[in-house]
Number of protein chains: 2
Amino acid sequence: MQLEVRSKTWLEADGKFIMGEHGIALLDAIDELGSIQHAARRVGWSYRRAWGYLKTMEQHAGVPILVTSHGGTAGGGTRLTPQARKLLRDYKRLQKMVRATIQRKSRLLFSY
Amino acid sequence: MQLEVRSKTWLEADGKFIMGEHGIALLDAIDELGSIQHAARRVGWSYRRAWGYLKTMEQHAGVPILVTSHGGTAGGGTRLTPQARKLLRDYKRLQKMVRATIQRKSRLLFSY
DNA sequence: TACCGATATGTTCGACCGTACATATCGAGG
DNA sequence: CCTCGATATGTACGGTCGAACATATCGGTA
């Protein structure tokens with residue numbers, strides 16, 4: 001038997017979901033591409049889905065995450081707030097540490 | 001903003017779900033009570049749900065988890081195999097370490 | 001001022017999942 | 001040999017969630 005240990009880590013505020021791994025990937029893409037549209041495409045989501053995800057994210061987090069603009073030739077765009085960037089950094093660090101813990105320890109356990 | 005970090009840990013084999021926290025609680029209860037019926041009640045599940053959960057668990061894990069008996073005045077019962085007990089122990093240890101990691105680190109991160 | 005590309009929303013349909021309900025089976029003990 | 005309590009399964013219903021489709025709006029720029 002080859003057992004694998006898997007895990008998910010996500011953020012909540014007041015018991016309400018803010019974001020998980022997918023949200024992180026989405027925000028990363030937004031940060032790089034400056035657009036929800038393009039970011040959604042990059043991570044394989046529909047614009048509708050990404051938009052809904054971000055909407056509830058901003059509602060539940062008490063912090064401004066996105067700065068959006070309408071119109072213009074480019075149609076508008078979306079950038080991240082400094083707080084959002086810090087959130088990304090922190091989440092990734094924690095994620096990395098959790099993964100390391102699991103990998104290091106699960107090697108010892110679960111041998112059959 | 002009061003952010004909380006949450007996480008789930010579960011076991012897979014071959015990419016297929018074996019069990020998570022709820023399954024652990026269920027197996028614990030079975031170990032103590034000697035019956036799926038009673039264990040399910042204890043953890044607030046219907047017998048049907050517990051049975052289905054255990055079924056796929058045993059299908060996906062390559063290891064015998066349960067020893068069941070039919071009939072008799074007691075109607076039968078279910079006990080855990082030694083492997084199942086080890087699995088429980090290992091999972092709980094890992095879980096504890098993951099939680100500790102998250103708690104210790106998330107204190108430092110996510111301050112706004 | 002008409003156009004274009006992105007944000008902003010509502011809505012409907014189908015898949016998936018747990019819940020509820022119903023039933024069959026087994027076997028020691030009275 | 002009949003009863004009782006637990007295992008063993010099938011099925012139908014309802015809610016949730018993402019996917020797909022349809023619009024509305026905004027505002028630099030040509």
Side-chain angles (χ1 to χ4, degrees), chain A residues 6 8 10 12 15-61 64-81 84, chain B residues 6 8 10 12 15-61 64-81 84:
Chain A
R6 303 209 43 203
K8 280 188 181 179
W10 69 97
E12 291 186 1
K16 286 170 298 184
F17 180 88
I18 296 180
M19 64 171 147
E21 253 176 294
H22 293 148
I24 295 296
L26 183 61
L27 288 187
D28 262 340
I30 291 174
D31 198 22
E32 180 185 342
L33 302 172
S35 146
I36 297 177
Q37 190 73 253
H38 295 159
R41 238 170 268 160
R42 153 94 50 108
V43 301
W45 281 12
S46 66
Y47 173 83
R48 185 63 181 82
R49 182 177 176 193
W51 179 83
Y53 190 101
L54 295 169
K55 175 94 178 194
T56 66
M57 174 193 298
E58 289 222 281
Q59 276 176 353
H60 293 168
I65 306 289
L66 302 174
V67 179
T68 66
S69 62
H70 285 64
T73 302
T78 300
R79 295 176 304 108
L80 301 189
T81 63
Chain B
R6 302 208 45 200
K8 281 189 179 179
W10 70 96
E12 290 186 0
K16 286 169 299 185
F17 180 88
I18 296 181
M19 63 171 147
E21 254 176 293
H22 293 149
I24 295 296
L26 184 60
L27 289 187
D28 261 339
I30 291 174
D31 199 23
E32 180 185 340
L33 302 172
S35 148
I36 297 177
Q37 190 74 251
H38 296 159
R41 238 170 269 160
R42 155 92 51 107
V43 301
W45 281 10
S46 67
Y47 173 82
R48 185 62 181 82
R49 181 176 176 193
W51 179 84
Y53 191 101
L54 295 169
K55 175 94 179 196
T56 66
M57 174 192 297
E58 288 221 283
Q59 277 175 352
H60 293 167
I65 306 287
L66 302 174
V67 180
T68 67
S69 62
H70 284 66
T73 302
T78 300
R79 293 175 305 108
L80 301 189
T81 63

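Residue numbering restarts at 1 for every chain, and letters A, B, ... go by the order of the sequence lines.
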A:Trp45 CH2 to D:dA20 C1', in whole Å, measures 17 Å
Spacing between A:Tyr53 atom OH and D:dA19 atom C1', to the nearest angstrom:
17 Å
Phosphate oxygens OP1/OP2 of C:dT7: is one of them under 4.0 Å from a side-chain N or O of A:Thr78?
yes
Would you give the length of the straight line joining atom CD1 of A:Ile30 to atom CG of A:Leu54, rounded to the nearest 0.5 angstrom?
4.5 Å
From CG (B:Leu33) to OG1 (B:Thr78), nearest 0.5 Å:
11.0 Å
Determine the contact category for B:Gly72: base if any of its heavy atoms lies under 4.0 Å from a base atom, sugar-phosphate if only primed atoms, P, OP1 or OP2 are that close, otherwise nothing.
base
Separation of D:dT9 atom P from B:Ile36 atom CD1, nearest Å, is 11 Å
Separation of D:dA19 atom P from A:His22 atom NE2, nearest Å, is 11 Å
Expressed as a whole number of angstroms, how long is the span from B:Leu33:CG to D:dT7:C1'?
16 Å
With B:Lys55 as reference, evaluate B:Met57, B:Glu58, B:Gln59 under the side-chain contact (heavy atoms from CB on, under 4.5 Å) test and give the passing residue.
B:Gln59
Reckon B:Thr68 touches a base, only the sugar-phosphate, or nothing at all at heavy-atom distances under 4.0 Å?
sugar-phosphate
Can a side chain N or O of B:Trp51 be found less than 4.0 Å away from OP1 or OP2 on D:dT7?
no
For residues A:Phe17 and B:Arg6, determine if any side-chain heavy atom of one lies less than 4.5 Å from a side-chain heavy atom of the other.
no
Counting only side-chain nitrogens and oxygens, does A:Arg49 get under 4.0 Å of the OP1 or OP2 atom of D:dA19?
yes
Whole Å only: how far is the CD atom of B:Gln37 from the C1' atom of D:dA6?
6 Å
Under 4.0 Å between a side-chain N/O of B:Lys55 and OP1 or OP2 of D:dT9, yes or no?
yes
5′-ward residue of the pair B:His70/A:His38 relative to DNA chain C:
A:His38
Kindly compute the distance separating OH (A:Tyr53) from OG (A:Ser46), expressed to the nearest 0.5 Å.
13.5 Å
Considering only side-chain heavy atoms of A:Arg48, which listed nucleotide, D:dT7, D:dT29, C:dT9, is closest?
C:dT9
Take atom OH of A:Tyr47 and atom P of D:dC21, then tell me their distance rounded to the nearest Å.
18 Å
A:Thr73 or A:Gly52: which one's nearest nucleotide on DNA chain C is closer to the 5' end?
A:Thr73
Any A:Ser35 side-chain N or O less than 4.0 Å from OP1/OP2 of C:dT7
yes
Taking the nucleotide of DNA chain D with the closest heavy atom to each, which residue, A:Gly75 or B:Arg41, is nearer the 5' end?
B:Arg41
With a 4.0 Å cut-off on heavy atoms, is B:Ser46 in touch with a base, just the backbone sugar-phosphate, or nothing at all?
nothing
